[in-house]
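A quick write-up on the structure given underneath.
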There are 2 protein chains.
Amino acid sequence: MISISQPEMKTQKYPTIRDVARRAGVSVATISRFLNASAPISPETAMRVKQAMEELKFTPHPIARNLATRRTNTIGLLMPDIGRSFYTPMLREIEAMASTAGYDLLIHSTSPMNSPQSRRRALTEHNTDGLLVFIDALDSDELRHLRAIGFPVVLMNKTPPDGLDFPMVTIENQTGTSRMIEHLITVHNRKRIIFLQGPVGNEDSREREQGYRLALSNHHIPFDPNLVARGCFDTQRAFDATRQLLEKNMSFDAIFTGDDDSAVGVMDALKSAGLDVPRDVSVVGFDDSVFARLITPSLTTVQSPIEQVGREAVTQLLHLIRGEASQARTALPVKLVIRESCGCR
Amino acid sequence: MISISQPEMKTQKYPTIRDVARRAGVSVATISRFLNASAPISPETAMRVKQAMEELKFTPHPIARNLATRRTNTIGLLMPDIGRSFYTPMLREIEAMASTAGYDLLIHSTSPMNSPQSRRRALTEHNTDGLLVFIDALDSDELRHLRAIGFPVVLMNKTPPDGLDFPMVTIENQTGTSRMIEHLITVHNRKRIIFLQGPVGNEDSREREQGYRLALSNHHIPFDPNLVARGCFDTQRAFDATRQLLEKNMSFDAIFTGDDDSAVGVMDALKSAGLDVPRDVSVVGFDDSVFARLITPSLTTVQSPIEQVGREAVTQLLHLIRGEASQARTALPVKLVIRESCGCR
DNA sequence: CTGAAAGCGCTTACAG
DNA sequence: CTGAAAGCGCTTACAG
């Protein structure tokens with residue numbers, strides 16, 4: 001084993017603004033002004049400062065600056081599982097927008113491995129200038145505290161509890177779902193449509209279920225609770241749920257899977273039971289994940305403008321941080337993407 | 001438009017350690033000791049301090065602590081494009097491990113929108129305790145500077161330039177590729193195998209190409225430069241590249257696509273030209289992305305232990321940060337995943 | 001255009 | 001077990 005030891009790592013002394021000041025023969029205030037262009041300084045002085053900084057390979061210390069200015073130039077993102085690929089495009093947008101606006105992104109993912117304590121340490125009101133909250137289970141007390149001190153927070157896909165007036169950004173879950181269900185009813189003449197729910201308490205899922213019921217009632221189809229099961233937005237769970245439905249000999253002619261991940265599990269279960277999609281059963285998803293067009297049959301689904309959600313959330317957060325007016329609720333429109341799994345083509 | 005204005009955001013005064021000290025009737029040093037359990041304090045004092053903290057809803061200020069301790073408890077990650085879903089599982093592992101070790105994760109993605117200046121601001125030696133570098137194009141000068149001051153840096157899938165002895169973590173690109181090519185040769189009797197390169201300068205791709213050549217020479221198949229094209233690890237680019245190959249009437253019986261994203265483009269191009277995969281042309285990828293098993297035909301590919309790369313990189317970085325010995329080079333083993341697109345089954 | 005000094009909110013020897 | 005004081009590396013009125 002070849003090993004490397006870091007030489008004098010702890011004893012390393014970085015040059016500070018004082019070292020630069022000494023070398024350039026000016027005061028630290030002048031260095032600070034040069035760094036921030038916060039006041040005019042004479043060209044000759046500027047030259048000397050510049051040279052001193054280069055000679056010393058000086059890099060300003062952001063932490064010290066943060067403490068002095070009481071700003072962090074950092075946006076915090078609290079998200080459920082950074083490992084779910086569905087969120088990735090949203091992450092990209094958030095990162096890009098934050099960066100463009102001069103903010104860094106501090107990400108904290110609420111995986112089972114991450115304790116609430118670690119979150120408390122990571123994302124307080126002190127080391128970010130604002131918080132993007134994208135999780136189902138948030139601590140009301142903490143939110144109330146953040147609201148009380150006027151800390152900028154934007155909620156994503158989640159209505160604020162107890163009327164706390166944080167801006168929220170979401171998508172048109174209900175409309176999107178009801179239109180998809182109506183497509184199944186009117187175009188494909190489906191009547192017994194399974195609805196697979198997401199994780200318990202998930203607001204997206206609840207809204208989608210409302211859309212489902214709305215579409216049924218619009219077409220005078222009675223709601224049948226036996227047609228509702230739980231897929232948890234998870235391939236394996238959705239597979240199991242579908243299996244159970246089949247074992248119970250439940251009769252149905254379509255499945256709204258809740259999300260695209262679930263659709264994969266649902267299709268697998270149907271195929272392994274000898275059923276043909278879409279001939280025997282129409283299958284539709286929600287999200288339009290990258291793989292939706294790649295699977296066979298290609299998946300009819302609802303396109304979720306997740307990038308736009310990311311952008312809009314950052315926009316609102318920047319408004320809050322800057323003390324500008326913000327939008328209480330933004331619901332981004334969705335779009336049906338009709339492919340083969342519903343029966344079209 | 002309903003608008004919310006944040007009340008007295010800027011004027012808000014957070015309680016500090018001094019306020020707590022005053023309220024509890026002790027010194028700030030005692031509060032600090034309570035906070036960090038850095039020295040024994042009497043039970044009665046502890047009670048008073050605890051109560052004072054709760055009454056004031058005091059939250060310690062990490063920035064101030066960082067400045068005083070000269071540690072940030074933050075790990076920086078420099079990555080090419082946070083939006084590529086292939087990286088997501090790796091991100092999850094990095095975040096989880098960092099968090100478990102008590103570190104936050106500061107992510108900076110080098111999208112076209114992010115200037116080098118913003119990176120310079122975001123991830124200096126001052127606001128992280130160590131850096132994970134996962135990009136092709138890194139600034140040698142900056143790396144040299146970081147090495148000179150003994151700053152902890154671990155390189156991912158990239159050999160350090162100029163013999164700078166940063167630890168690196170990578171995967172067995174060459175072995176994985178050569179074994180896959182040999183599978184095509186020995187099991188499916190393929191002889192004219194296209195090799196699609198990744199982006200210019202990409203080290204993974206270069207190593208894979210070496211594996212490709214090695215396998216050919218092991219089986220006495222002469223290397224034909226006409227069989228090498230560039231897919232850039234991108235679906236559309238790979239589609240175009242395949243199109244061109246077909247237009248040139250190049251004869252081939254297999255394609256190593258470079259990565260899985262490219263495989264999707266390659267298959268589309270082949271299908272639209274009326275060719276059957278795998279009967280006419282074997283197609284194999286690299287990565288084993290989530291969709292590899294979902295497409296038709298299912299994709300034979302090389303499984304890239306990307307999560308393990310993330311874990312290993314954090315492990316090495318923690319070693320550096322703690323001043324412990326570290327591994328100069330770690331190459332994680334890969335595994336062939338044989339599905340249908342090569343011609344098996 | 002420039003400098004001296006106080007302050008941001010903590011930690012940490014040092015002394016007791 | 002506890003306190004007074006210096007210090008972390010910056011910024012920012014204030015004065016000139």
Side-chain angles (χ1 to χ4, degrees), chain A residues 10-50 52-53 56-74 121 124-129 149, chain B residues 10-50 52-53 56-74 121 124-129 149:
Chain A
K10 294 296 170 192
T11 59
Q12 186 69 43
K13 248 303 203 183
Y14 298 109
T16 75
I17 205 177
R18 287 192 54 188
D19 300 318
V20 179
R22 190 152 32 218
R23 186 169 201 112
V26 296
S27 73
V28 295
T30 299
I31 308 298
S32 175
R33 282 164 192 139
F34 177 87
L35 243 29
N36 302 293
S38 53
I41 65 180
S42 78
E44 310 88 74
T45 312
M47 277 314 304
R48 288 220 309 286
V49 171
K50 190 152 183 260
M53 284 186 14
L56 294 171
K57 286 178 187 287
F58 168 78
T59 309
H61 198 130
I63 300 286
R65 184 181 296 191
N66 291 344
L67 185 59
T69 58
R70 311 189 51 49
R71 300 189 62 215
T72 66
N73 297 310
T74 299
R121 171 177 48 71
T124 71
E125 57 269 34
H126 296 310
N127 52 4
T128 61
D129 292 347
I149 63 176
Chain B
K10 293 296 168 194
T11 60
Q12 185 69 43
K13 249 303 203 181
Y14 298 108
T16 74
I17 206 177
R18 289 192 53 187
D19 300 318
V20 179
R22 191 151 32 218
R23 186 168 200 111
V26 296
S27 73
V28 295
T30 299
I31 308 298
S32 175
R33 282 165 193 139
F34 178 88
L35 244 28
N36 302 293
S38 53
I41 65 180
S42 77
E44 309 89 73
T45 311
M47 279 313 305
R48 289 219 311 286
V49 171
K50 192 156 184 253
M53 284 187 12
L56 294 171
K57 287 177 187 285
F58 167 78
T59 309
H61 198 129
I63 301 286
R65 183 181 296 190
N66 291 344
L67 185 58
T69 58
R70 313 188 50 50
R71 299 191 61 216
T72 66
N73 296 310
T74 299
R121 170 177 48 70
T124 71
E125 58 269 34
H126 295 310
N127 52 4
T128 61
D129 292 347
I149 63 177

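Order of the sequence lines fixes the chain letters, A, B, ..., with proteins taken first and strands second; residue numbering starts at 1 for each chain. For clarity, every value in this text was computed on a predicted model and none was experimentally measured.
Pair check for C:dA15 finds D:dT2; Watson-Crick or G-U wobble, both atom distances under 3.5 Å.
Mapping B:Leu67 and B:Ala46 onto DNA chain D via the closest heavy atom, the residue that lands nearer the 5' end is B:Ala46. Heavy-atom nearest nucleotides on DNA chain D were determined for B:Ala39 and for A:Arg18, and the one closer to the 5' end corresponds to B:Ala39.
Within 4.0 Å (heavy atoms only), A:Ser32 reaches at least one base atom of the nucleic acid. When heavy atoms are screened at a 4.0 angstrom cut-off, B:Thr16 is found touching the sugar-phosphate backbone but no base atom. Within the nucleic acid shown, A:Thr45 comes within 4.0 Å of sugar-phosphate atoms alone, with no base atom in reach, counting heavy atoms only. Within the 4.0 angstrom heavy-atom criterion, base atoms lie near A:Arg33. At a threshold of 4.0 angstrom between heavy atoms, the contacts of B:Asn36 are confined to the sugar-phosphate backbone, with no base atom among them.
At least one side-chain nitrogen or oxygen of A:Thr30 sits closer than 4.0 Å to the OP1 or OP2 atom of C:dG3. For A:Ser42, a side-chain nitrogen or oxygen approaches OP1 or OP2 of C:dT2 to under 4.0 Å.
Each of D:dC1, C:dG9, D:dG9 was ranked by its minimum atom distance to the side chain of B:Ala64; first place goes to C:dG9. Closest to the B:Pro40 side chain, of the nucleotides D:dC10, D:dC1, C:dG9, is D:dC1. Considering only the side chain of B:Thr69, C:dT11 comes nearest among C:dG3, C:dT11, D:dC8. Of all nucleotides listed (C:dG9, D:dA4, D:dT12), C:dG9 comes nearest to the side chain of B:Ala68.
With rounding to whole Å, B:Ile17 atom CD1 is found 15 Å from D:dG7 atom C1'. Distance, B:Ile63 CD1 to C:dT11 P: 13 Å, rounded to whole Å. Taking atom CZ of B:Phe34 as the reference point, atom P of C:dT11 lies 13 Å away to the nearest angstrom. Summarising the geometry, the separation between CG on B:Leu56 and C1' on C:dG9 is reported as 15 Å, rounded to the nearest angstrom. In this entry the distance linking OH of B:Tyr14 with P of C:dG7 reads 21 Å, nearest Å. A straight line from CZ of B:Arg65 to P of D:dG9 spans 18 Å, rounded to a whole angstrom. Regarding B:Leu35, its CG atom lies at a distance of 11 Å from the C1' atom of C:dT11, rounded to whole Å. Residue A:Arg22 contributes atom CZ, which lies 13 Å from atom C1' of D:dG9 at whole-angstrom precision.
Between the side chain of B:Thr74 and the backbone N or O of B:Thr128 there is no donor-acceptor pair closer than 3.5 Å. The closest donor-acceptor contact from the side chain of A:Asp129 to the backbone of A:Asn73 lies under 3.5 Å.
The base of C:dG9 lies outside donor-acceptor range of the side chain of A:Arg70, with no N or O pair under 3.5 Å.
Comparing C:dT12 with C:dG16, their C1' atoms are spaced 16 Å from each other, to the whole Å.
Residues A:Thr59 and A:Tyr14 have side chains not in contact (no heavy-atom distance under 4.5 Å, counting atoms from C-beta outward). A heavy-atom distance below 4.5 Å is found between the side chains of B:Arg65 and B:Asn36. Side-chain contact between B:Met53 and B:Val49 is present, with at least one heavy-atom pair separated by less than 4.5 Å.
Shortest non-hydrogen contact noted between B:Pro15 and B:Leu56 is CG-O, 3.3 Å.
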